[in-house]
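Each residue takes its place number in the sequence, starting with 1. Below, all heavy atoms of this structure are taken into account, side chains as well, without hydrogens, waters or symmetry copies.
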Amino acid sequence: MLKEYKTISEVAGPLMLVRQVEGVKFGELGEIELANGETRRCRVLEVDKDSALVQLFESSAGINVAESKVRFLGRGIELPVSIDMLGRVFDGLGRPIDNGPNIIPEARLDINGMPMNPAARDYPSEFIQTGISAIDGLNTLVRGQKLPIFSGSGLPHAQLAAQIARQAKVLGTDSRFAVVFAAIGITFEEADFFISDFKRTGAIDRTVMFMNLANDPAIERISTPRMALTAAEYLAFEKDMHVLVILTDITNYAEALREVSAARKEVPGRRGYPGYLYTDLATMYERAGRKLDKNGSITLIPILTMPEDDKTHPIPDLTGYITEGQIILSRELFRKGVTPPIDVLPSLSRLKDKGIGRGKTREDHADTMNQLFAAYARGKEAKELAVILGEAALSDVDKLYAKFADAFEKEYVSQGFDTERTIEETLDLGWKLLSILPVGELKRIRDEYIEKYLPKNEG
């Protein structure tokens, strides 16, 4: 029998103080029973001697301090897990919201997860094909990697996320692939877009979706990504699946963390975010990876909108420290009509060289990738020079580089949100674009690859 306390001393916004408690632990769940029999849920944020500070999941309106009772449940927030989660849609606390039956759980797992022993980690090395040339060809995603997408307000990161979830696959293996998709603090329209897109394309069958809307409580927003990662750990390490986790939008998560921190009157850090933002993000991101004795893996793509498109803002800044690179979306390319507007030059996948080459993608991948980067960078410089000095000031070779840069953006980067390219198609397209340049300019590619793969120009 759970002990009940009628010792609520004060309620301030989303926080409530309960005195004279015994044996209550940090993170423990509680129930508040109102005078009219209604129950609301809460979670312990802080314990000080015999006082517990709890945060409410629902509104504090209507809580009568004198007549309400609190029960602590002796456990943290848990997610009931089962293989039947695939194809289902849940809210931010793991309850089904797709009008389907409740999950009959094989287990209930604490959403904070178990830390992965660093010595038990396996190195990411297998290529994941997303079907998007700017990622597969130039900033390759590797199984077990953490590769965030840095976007800006109004840029089409939702469409890009849906496209990756739809198209991603591990090549050359017969192991099962699943997607865990968590939407954090998004609008109803965005939630509807994701659900209907996944259902329309059939991607829902291999997807577990967690939906937290903008009008849901802040504490639920903090739980949502951990729910998703707990489901991913179960599918990866218990069911030997390759799991791709997509979290959007991490900025909304950090805002909720700041809201809770301000309510607790904590000393703020940079831009008002709590000083432990780095540690908090790391407890999520570091749950991705591979284990030496397990066949499954968790690959993580967190998506965040940079406030004012500022890469030095605390959220993208700290995320960049913890993860292995970043894919950056460009407002300038978006205005030009390039979709997806991936800015390949400042984007980076630190593990790309581990997942490409003979036996993984194709032998010429590394050379063509380096050559495309170099040629695009020089082409952009040539175009900038033409703006300042006029096109007549460019040499004939520079004009070819400028032509290459335009063709590269139009054909290679811009493929739309419904086109899926195999890695062979992406590499062949790269060679086709490189054929715009004189062979003598292809200094980063070995001669035997030029002989084998470069399209022969007629005449």
Presence of salt bridge, E391 and K399, under 4.0 angstrom: no

Verify the distance criterion only: is there a donor paired with an acceptor across the side chains of R143 and T299 at less than 3.5 Å? no

Is the closest basic N to carboxylate O distance between D197 and R166 below 4.0 Å? yes

Considering all heavy atoms, the nearest R88-D84 contact: CG-O, 3.4 Å

Would you mind reporting whether L434 and Q371 have side-chain heavy atoms less than 4.5 Å apart? yes

Minimum side-chain heavy-atom gap L247-I303 below 4.5 Å: no

Under 4.0 Å between a Lys/Arg side-chain N and an Asp/Glu carboxylate O for K452 and E363? yes

Before accepting this row, confirm whether a basic side-chain N of the pair R270/D317 lies closer than 4.0 Å to the acidic partner's carboxylate O. yes

Does a side chain donor of either S349 or E324 reach within less than 3.5 Å of an acceptor in the other side chain? no

Should D293 and K291 count as an ion pair when the cut-off is N to O under 4.0 Å? no

Using every non-hydrogen atom in the two residues, find where I246 and A161 come nearest and quote the distance to one decimal. CD1-O, 3.7 Å

Using the side chain to side chain contact (heavy atoms under 4.5 Å, CB included) rule, take T207 and V180 through it: C-alpha gap first, then chi angles, then the decisive distance, then the call. CA-CA 6 Å; T207 304; V180 176; over 6 Å; no

Check whether any side-chain heavy atom of M85 sits under 4.5 Å from a side-chain heavy atom of V81, and report yes or no. yes

Using distance alone, with no hydrogens and no angle criterion, decide if Q167 and T130 have a side-chain donor and acceptor under 3.5 Å apart. no

Separation of T140 OG1 from Q129 CD (nearest 0.5 Å): 11.0 Å

Do Y401 and E381 have side-chain atoms, one donor and one acceptor, less than 3.5 Å apart? no

On the 0 to 90° scale, with breaks at 30° and 60°, tag the Y273-H313 ring pair as parallel, tilted or perpendicular. perpendicular

Between S330 and R335, is any side-chain donor less than 3.5 angstrom from a side-chain acceptor? no

Qualifying residue for side chain to side chain contact (heavy atoms under 4.5 Å, CB included) with Y253, from I315, D280, N212: D280

Got a second to check how far I135's CD1 is from L160's CG, nearest 0.5 Å? 5.5 Å

I'd like to know if R362 and E424 make a salt bridge, using a cut-off of under 4.0 Å between side-chain N and carboxylate O. no

Any chance the side chains of D136 and T426 put a donor and an acceptor closer than 3.5 Å? no

Verify ring-ring contact (aromatic ring centres under 6.0 Å, His included) between H365 and Y449, making sure each step is shown before the conclusion. CA-CA 10 Å; H365 192 156; Y449 295 158; over 10 Å; no

Decide yes or no for P156 and P341: does some side-chain heavy atom of the first lie under 4.5 Å from some side-chain heavy atom of the second? yes

Could you go through Q415 and Q163, starting from their C-alpha distance and side-chain angles, then the distance that decides it, and tell me whether this counts as side chain to side chain contact (heavy atoms under 4.5 Å, CB included)? CA-CA 11 Å; Q415 66 179 71; Q163 185 177 16; 3.9 Å; yes

Look at D216 together with R221 and state whether they make a salt bridge at an N to O cut-off of under 4.0 Å. no

Pairing of K294 and D122 as salt bridge, 4.0 angstrom limit: no

Tell me, with the steps shown, if R446 and E448 meet salt bridge (Lys or Arg N to Asp or Glu O under 4.0 Å). CA-CA 6 Å; R446 277 166 264 196; E448 64 259 33; 5.0 Å; no

For E126 and K360, what are the C-alpha separation, side-chain angles and deciding distance, and is it a salt bridge (Lys or Arg N to Asp or Glu O under 4.0 Å)? CA-CA 7 Å; E126 284 143 305; K360 292 179 179 175; over 6 Å; no

Taking the side chain as C-beta and beyond, is there a heavy-atom pair between L93 and F57 under 4.5 Å? yes

So among E238, R287, M116, which one has a side chain to side chain contact (heavy atoms under 4.5 Å, CB included) with E233? R287

If the threshold is 4.0 Å, N to carboxylate O, is there a salt bridge linking E425 and K432? no

Trace of the salt bridge (Lys or Arg N to Asp or Glu O under 4.0 Å) decision for R444 with D367: CA-CA 6 Å; R444 294 167 187 265; D367 287 13; over 6 Å; no

Residues in side-chain hydrogen bond (donor to acceptor under 3.5 Å, both in side chains) with T305, at least two apart? D249

Does the cation-pi check pass for K311 over F150, that is, NZ or CZ under 6.0 Å from the six-membered ring centre and within 45° of its axis? no

Short N-O contact, D110 and R226, less than 4.0 angstrom: no

Is there a side-chain contact between P438 and L400 in this structure, where contact means two heavy atoms from C-beta onward sitting under 4.5 Å apart? yes

Y376 vs F404, ring-ring contact (aromatic ring centres under 6.0 Å, His included): CA-CA, chis, key distance, verdict: CA-CA 7 Å; Y376 181 50; F404 169 85; 7.3 Å; no

Between R43 and E220 (salt bridge meaning N to carboxylate O under 4.0 Å), is one present in this structure? no

